[in-house]
Every structure is written in C-alpha cells, then in structure tokens.
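Written out below as structure tokens is the structure these notes cover.
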Amino acid sequence: LFDLDAGMDYLDHHPEYAASYGKKRLFSAEKGDFNGTHGGDQTLFAMTIVPRVTHIGMLIRVSDFREIGGYRETRLGIDTAMADVFLWVRLALKKEMIYFDHLRAFYRVHPGQHSQRKIDTYRSEYDYLRQWLIDLNPGIHLALRDNAPVEVTPANRNFIQMMLGVLFVRENRPERQLELVDAAIRLMPFDYGARECRLRLLLATNHPAEAQLEAHRMMVIPNVTDYVRFISFEYLRKIVPEDPLYRLAEAELHRRFFHLTPDEEVRMKQATARK
C-alpha cells in the first residue's frame, strides 16, 4: 500500500465522502507483475452486478464505518467476498466515495487464496444483496418496476440508481432493460457502469452501430478514467477494429493503463522480491 497520506488528508478535508480508493496491480511470486491495473470509479448502477470498487487500498472514515455497522453478515456469513460489496452498498447509501485514478496498492495473488476460493460464493450472494435492497424500500422498488413516477431526492438518489441496476439484471426483456438503463443514464449521466450495460445490451441485440456510438460516449465522460477508456476501447476493437478513434488512442491508452511510473517500478520490484 502507498499514497495513504494523500487519501487520509482528502477525507479529513472532505467530510461529504465516506471513503477514498484507487487502482491496484496484481503480481505473484511465481509470475511476477501481471502487467495491468485493476479497479475503476464507483458505478452505482452496476454495484449489484459487477462492482468496480477495489477494497485493496480503500480508506474509510472510522465514524462512517461504525455508523453503518461495519462489516455485516450476508446470507452465507461474513466469511465471503460479498461482505466487501455489502459494505460498499451501505456506504453508498449514506455518502459518496471518491476514486483517485492512480495506483494505490500492489496485490499479491497465490494458490488457495481466500478471495479466489470464494468466487462462486461471491457470485451467488448477489441475489441476497439485491433482495436486501428491495426490502429496504419496497415502495420505490415497486414504483420503478411498474414504471410509475418516483420523486428523486438527494437522500434517495443513490438508492434509486442501485435499484435500477437490480431491476435491470432481473429483467429478461431487452426492450425493458433498455428502458431501465436509459433511466439510470438520465439520473446519473456519468455512471459508466450504466453505459457499459447499455453497450453490452446493444451488442447482444445486434445493434453494432449504436454500440459503437455508446463506446465513443463512454470515452468523453467528464473526468473519465483510464479504466473506462480501456473498457471502451476493448469493445471498439470487437465491434469495429478499424475505428479511427481506437487506432488514434490505442498506444496512449496502453502506455497509461499498463506502464508503471519509475517510482511504481521500484515498488513493484520490492514487492515481487518478497516471498
């Protein structure tokens, strides 16, 4: 872990945020550097689908952590990776979390790792988490499900965005999924998780031209991170390999997403040298 002082200082001066976090980079004693950073800005829409938050290097204000009850039991107990997601969801219902688009931690992976062993449990517990959100405010859930008007307030805005994601993943009609994801984009235009789900839906329903346009939109989101750019370019490469925007920025993206700064290279060498 590094750059913790800056993260703590930011929280000290911005009480509106409950947590700060950044990217991680994987390595192992056997394979060395995995050559790629992981983690991206929070996406409330995809929080109960595939969250991009990385718990490694996350700093949480103690008072906020205690106020939401800290780590909580999930259906199969606290000894699952889902306990992290459950924590992030409850934090997001209380306050915002701030993402810094730079490396904050090196993360060593090894055979038999707890988080790897629990990956099937991690996925199966999403249904528990989605139902927990529904039970938190069944009135809003029913209104959104039935396409009825819902008053959006600062207090329920994050909840509504997550609930739209819950309804999206439970829906099997593409036309209704598109309505839900479009509602999420109207509510939070810069939630790239909603835009990624929209892009994937367009591809699945054979609308490559619209999917290409959505990938372009993702790249111009204000303060867009390298992680989101990487996702967008990967989709563009599958949709239209000769896309001029992809060709133009491919080298720059590769440099920013995969390369380490001189200081980070030193830290990686020190980390991989440890057994």
Could you tell me how the ring of Tyr10 sits relative to the ring of Phe100: parallel (under 30°), tilted (30 to 60°) or perpendicular (over 60°)?
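Ring orientation, 0 to 90° scale: perpendicular.
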What class does the angle between the rings of Tyr128 and Phe86 fall in, given that below 30° is parallel, 30 to 60° is tilted and above 60° is perpendicular?
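Judged by the thresholds at 30° and 60°, the geometry between Tyr128 and Phe86 is perpendicular.
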With side chain to side chain contact (heavy atoms under 4.5 Å, CB included) as the criterion, how do Arg157 and Thr153 come out once you've worked through the C-alpha distance, each side chain's angles and the decisive distance to 0.1 Å?
CA-CA 6 Å; Arg157 186 169 178 264; Thr153 69; over 6 Å; no
Side-chain donor/acceptor of [X] to backbone N/O of [Y], under 3.5 Å:
X	Y	result
Asp146	Ala143	no
Asn137	Ile160	no
Arg61	Tyr17	yes
Arg195	Pro189	yes
Arg90	Gly70	yes

Closest heavy-atom pair and its distance - [X], [Y]:
X	Y	answer
Met97	Tyr21	CB-CE2, 4.1 Å
Ile185	Ala194	CG1-CB, 3.9 Å
Gly193	Thr43	CA-OG1, 3.1 Å

With sequence neighbours excluded, residues passing side-chain contact (heavy atoms from CB on, under 4.5 Å) with [X]:
X	value
Phe65	Ile60, Tyr71, Leu87
Ala18	Asp64, Leu91, Lys95
Ala204	none
Arg176	Asn147, Glu171, Arg173, Glu179, Leu180

Let me confirm one number: the [atom1]-[atom2] distance from [X] to [Y], rounded to the nearest 0.5 Å.
X	Y	atom1	atom2	result
Leu201	His207	CG	NE2	9.0 Å
Leu202	Cys197	CG	SG	11.0 Å
Thr205	Arg200	OG1	CZ	12.5 Å
Thr48	Met163	OG1	CE	8.0 Å
Ile140	Glu151	CD1	CD	9.5 Å
Leu44	Asn158	CG	CG	4.5 Å

Between Asn172 and Gln177, do the side chains contain a donor N or O and an acceptor N or O under 3.5 Å apart?
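Side-chain D/A pair, Gln177 to Asn172: absent.
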Side-chain donor-acceptor pair present, Asp127, Gln131, cut-off under 3.5 Å:
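Distance-only check fails for Asp127 and Gln131.
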Is there a side-chain contact between Glu16 and Glu96 (heavy atoms, below 4.5 Å)?
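Side chain of Glu16 against side chain of Glu96, heavy atoms only: no contact under 4.5 Å found.
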For Asp9, which residues count as a salt bridge (charged side-chain N to carboxylate O under 4.0 Å, His left out) partner, sequence neighbours excluded?
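Asp9 satisfies salt bridge (charged side-chain N to carboxylate O under 4.0 Å, His left out) with no other residue.
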Could you work out, with salt bridge (charged side-chain N to carboxylate O under 4.0 Å, His left out) as the rule, every residue matching Arg217, not counting sequence neighbours?
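Result, salt bridge (charged side-chain N to carboxylate O under 4.0 Å, His left out) vs Arg217: Glu214.
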Given side chain to side chain contact (heavy atoms under 4.5 Å, CB included), test His141 with Phe159 step by step and report yes or no.
CA-CA 10 Å; His141 166 253; Phe159 175 82; 5.8 Å; no
Might you work through the side chain to side chain contact (heavy atoms under 4.5 Å, CB included) test for Ile98 and His14, ending with a clear yes or no?
CA-CA 10 Å; Ile98 184 73; His14 295 83; over 6 Å; no
Please test Met162 against Phe45 for side chain to side chain contact (heavy atoms under 4.5 Å, CB included), starting from the C-alpha separation and ending with a verdict.
CA-CA 5 Å; Met162 284 191 278; Phe45 182 82; over 6 Å; no
Please determine whether residues Val152 and Leu136 belong to a single hydrophobic cluster, defined as Ile, Leu, Val, Met, Phe, Trp and Tyr linked transitively by side-chain heavy-atom distances below 4.5 Å.
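Yes.
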Is the charged tip of Arg170 near the ring of Phe168: under 6.0 Å from the six-membered ring centre and within 45° of its axis?
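Cation-pi check for Arg170 and Phe168: fails.
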